[in-house]
Amino acid sequence: MAKTTKPKKEISMEEALWKSADKLRGSVEPAEYKHVVLSLFFLKFASDKFEIRKQEIIDEGHEKYVNMPDFYSMKNVFFIPEKSRWSFIMENAKQDDIALKIDTALYTIEKENPVLKGALPDNYYSRLHIDTTRLASLLDEIDRINTDDNENDIIGRIYEYFLGKFALAEGKGKGEFYTPKCIVNLIAEMIEPYDGILYDPCCGSGGMFVQSMKFVEVHRGNKKNVSIYGQENINTTYKLAKMNLAIRGISCNLGEQAANTFTNDQHKDLKADYIMANPPFNQKNWREPNELVDDPRWNGYEVPPTSNANYGWILNIVSKLSANGVAGFLLANGALSDDGTELKIRRRLIENNLVEAIIILPRNLFYTTDISVTLWILNKNKKARVAEQNGQIKRYRNREKEVLFMDLRQMGSPYEKKYIELTAEDREKVTNVYHNWQQEGYESTYKNEAEFCYSATADEIAEKGYTLVPSRYIEFVNRDEDIDFDGKMKALQGELKELLKEEEKSKADLLKVFEELGYEIEL
C-alpha cells in the first residue's frame, strides 16, 4: 500500500516569519531578512492566487484559455509560467541550483507581467550564497503560510514584522522608517484623499498608498478615481514598493528608477491634490553647498540649508500642491522652532496662509525611534468654498489667518509592551475636531480645549516669533493653582495636633512605668 503524504500544518504568519528568521541566522545580515523572505513569499502568494484563478477558468468552462495571461490580468492576478510556480520551486527545493531556479522564476514572472517591471530582485538569491539545506528549510517554512488574506495586506505585515523584530539590528537613523498604520490612517482620515492625484516624495515600501486605498474603500469611494505618484531613493525599497502595490492591483507611477527626490526629481511638473509623506528625520548633508541653489522648488523662499533637509522636504511638498491641494506629513519637532534660514521659510509659509494644522504626536509610535514627532497639515486653499467630496457637500469657512494646534501626547494605547498606537477612537476624536474647525458654523462644534487644542490667529503666531510649537499656544492647566492651600494647611494642622497629643501621652505613660519600677526619670 502506497504511503500517503501527510499535509503540512499551516501556521500563523508571525510564527512562520520567526521560524524563517531563525533559518537565516548566520547566513545573512538581519537587515536583509525581510528582503529574502518577501520575495519568496511573493512567489508563493502569486502562485496560490494563480492556481485559484486557473481553477476558476476551468470551472467556467474555459479550460482552453488557462495559459492566456489576459484571463489572469483581468482579475488582477499575475500569470505564472510553469517553472516559476511555487509547486515547481518546492519540488526542486533540495537541488543544488535552487537559488538559481528562484532567481529565474522571479525574472520570468516579471517578464510575463509588465506591471511588475523593476519590482522583483535581479539575480539576488544566487548572490546571497545561502547554504542549500538552509534555503530548502526556509522554503519549507514559507510553504506553510496561509496566503488567504482578504485584506491583501500580507506584504505590509511581513515588512512591519521584520522591522519590529530587527529594528535595532538595522540601526537607528538610517532613514528607512516604516510608518505605523495608525499614523498613516490618521493622515488619510484628516486629508481625505478620495479622488485626484496622490503623491509621496519618499514613499518607502508604499505603505501610505496602501492605507490610503483602504481608506477610500472603507468610505465607499472609488479607487479608480485616485492616481498614485511616488518616488523612493533606496533601490531595494523601490522594488518592494512596486511589488507591494502590484500585488494589490494598485496602479502607480514611481518614476523610471529609484532616485533622489532632490537631485533627480521623477515628477518635475506634477501638481498633486493630496500629499502624504514621512521624510527621513533631520537628514544632514542632503545637498552640496553649491547644489540646487537655483532650484525652482524654492521660488519665493530662502534656499534650505545643507545642514538639515526638513525645510527642503517642506518646500518640495509645497511646490507639488495643486490649487486646492492638501498635504499631511511628518517631521521631527525641531522644525517647529528652528532659527535662521528655517525661521525665514517658516514665516513665509505662515504669511502665505499655507499652514493649516500642527499636531504633535505621542512618543514611541515608531519602531526605529522613540522621539515625539509632528504631523503638519498644509493647505493651498484655506479660503471659504463649497466642495463635493465622495458624494458629500462640504462648506469650508475662511481659515487664512488661523492655524489649528493639537497635542496628542496624552493619547494612545500601549502595545507590544514598549510601543504606543493611536486607536480608532483617538483618531476619530482628532479628525472630528479638525473637520469641525474647518467648516462653517464651527462656533457650535469646535472649542479650544486645555491641553488638547487651540486655534491661533496669525497675529498671535507673529507675536511669538513664528514658532509653531503647540505648547506655546495650547493652554496647560497649572494644577497647583487649584489646590485649596488654606484648607489643606488647616487639615494638616489638625492632624499634627493629634499626633503631638499622642506623643505626649506616650511619653507620660513611659515615665510612669519607669517610676513604678523604682527608676524614676528626672527631666
Please give me the minimum heavy-atom distance between [X] and [Y], naming the atom from each residue.
X	Y	answer
I145	K44	O-CE, 2.9 Å
N324	N379	O-OD1, 4.4 Å
C182	L365	SG-CD2, 4.1 Å
A323	N381	O-CB, 3.6 Å
N310	A335	ND2-CB, 4.0 Å
G206	A241	N-CB, 4.0 Å

Is the count of non-hydrogen atoms from other residues, nucleotides or ligands lying under 6.0 Å from [X] atom [atom1] greater than 12?
X	atom1	result
R127	CZ	yes
E256	CD	no
Q439	CD	yes
E428	CD	no

Practice item. Tell me, please, whether F45 has K49 positioned over its six-membered ring: NZ or CZ under 6.0 Å from the ring centre and within 45 degrees of its axis? Key: yes

**Study point:** Ring-face cation of R85 near F50 (centre distance under 6.0 Å, axis angle within 45°)
**Key:** no

Side chain of [X], backbone of [Y]: donor and acceptor closer than 3.5 Å?
X	Y	answer
Y125	V36	yes
D140	A136	no
R287	P304	yes
E110	G118	yes
D103	Y124	yes
T374	A332	no
S84	I80	no
D295	R297	yes
E232	G204	yes
K320	H267	yes

Practice item. Mind checking ring pair (Phe, Tyr, Trp, His ring centres under 6.0 Å) for F88 and listing every partner two or more places apart, or none if nothing turns up? Key: none

To the nearest 0.5 Å, how far apart are [atom1] in [X] and [atom2] in [Y]?
X	Y	atom1	atom2	value
Y107	E112	OH	CD	10.5 Å
C203	L198	SG	CG	10.5 Å
L240	L245	CG	CG	9.0 Å
L375	M276	CG	CE	9.5 Å
K242	I247	NZ	CD1	14.5 Å
N92	D97	CG	CG	7.0 Å

Are side-chain heavy atoms of [X] and [Y] found at a separation under 4.5 Å?
X	Y	result
Y238	L254	yes
P201	Q231	no
M411	K429	yes
M208	N278	yes
L186	V430	yes
I359	M190	yes
N225	N222	yes
V326	Y274	yes

Review point. Does the pair D59/K54 count as a salt bridge with the N-to-O cut at 4.0 Å?
Key: no

Review point. Under a 4.0 Å N-O cut-off, is there an ion pair linking R53 with E56?
Key: yes

Exercise for review: Assess whether side chain to side chain contact (heavy atoms under 4.5 Å, CB included) is satisfied between L270 and Y199, documenting all intermediate values.
Suggested key: CA-CA 9 Å; L270 180 71; Y199 169 65; 3.5 Å; yes

Exercise for review: Can you label the angle between the W437 ring and the Y434 ring as parallel, tilted or perpendicular, going by 30° and 60°?
Suggested key: parallel

Exercise for review: Only pairs at least two apart or in different chains count here, so list each side chain to side chain donor-acceptor pair (under 3.5 Å) that has a residue in residues 187-198.
Suggested key: E189-R427, E192-K394

Point to revise | Candidate pair V433 and M406, rule side chain to side chain contact (heavy atoms under 4.5 Å, CB included), full reasoning | key: CA-CA 9 Å; V433 167; M406 302 183 76; 3.8 Å; yes

Check your understanding: Does the salt bridge (charged side-chain N to carboxylate O under 4.0 Å, His left out) test come out yes or no for R399 and E356, once each step is laid out?
Key -> CA-CA 8 Å; R399 294 110 46 220; E356 174 145 83; 2.6 Å; yes

Practice item. Examine F262 together with W286 and report whether their ring centres are nearer than 6.0 Å. Key: yes

Practice item. Report the residue from F78, F79, Y65 that forms a ring pair (Phe, Tyr, Trp, His ring centres under 6.0 Å) with Y72. Key: F79

**Study point:** Stepwise side chain to side chain contact (heavy atoms under 4.5 Å, CB included) check, I98 with L139
**Key:** CA-CA 10 Å; I98 183 59; L139 290 168; 3.9 Å; yes

Check your understanding: After noting the C-alpha distance and the side-chain angles of K271 and I197, does the key distance pass the side chain to side chain contact (heavy atoms under 4.5 Å, CB included) rule?
Key -> CA-CA 8 Å; K271 292 296 179 183; I197 293 175; over 6 Å; no

Determine whether the side chains of [X] and [Y] contain a donor N or O and an acceptor N or O closer than 3.5 Å.
X	Y	value
Q438	N436	no
T423	D426	yes
W86	E51	no

Check your understanding: Pick one: which of I314, D200, I275 meets side chain to side chain contact (heavy atoms under 4.5 Å, CB included) with F329?
Key -> I314

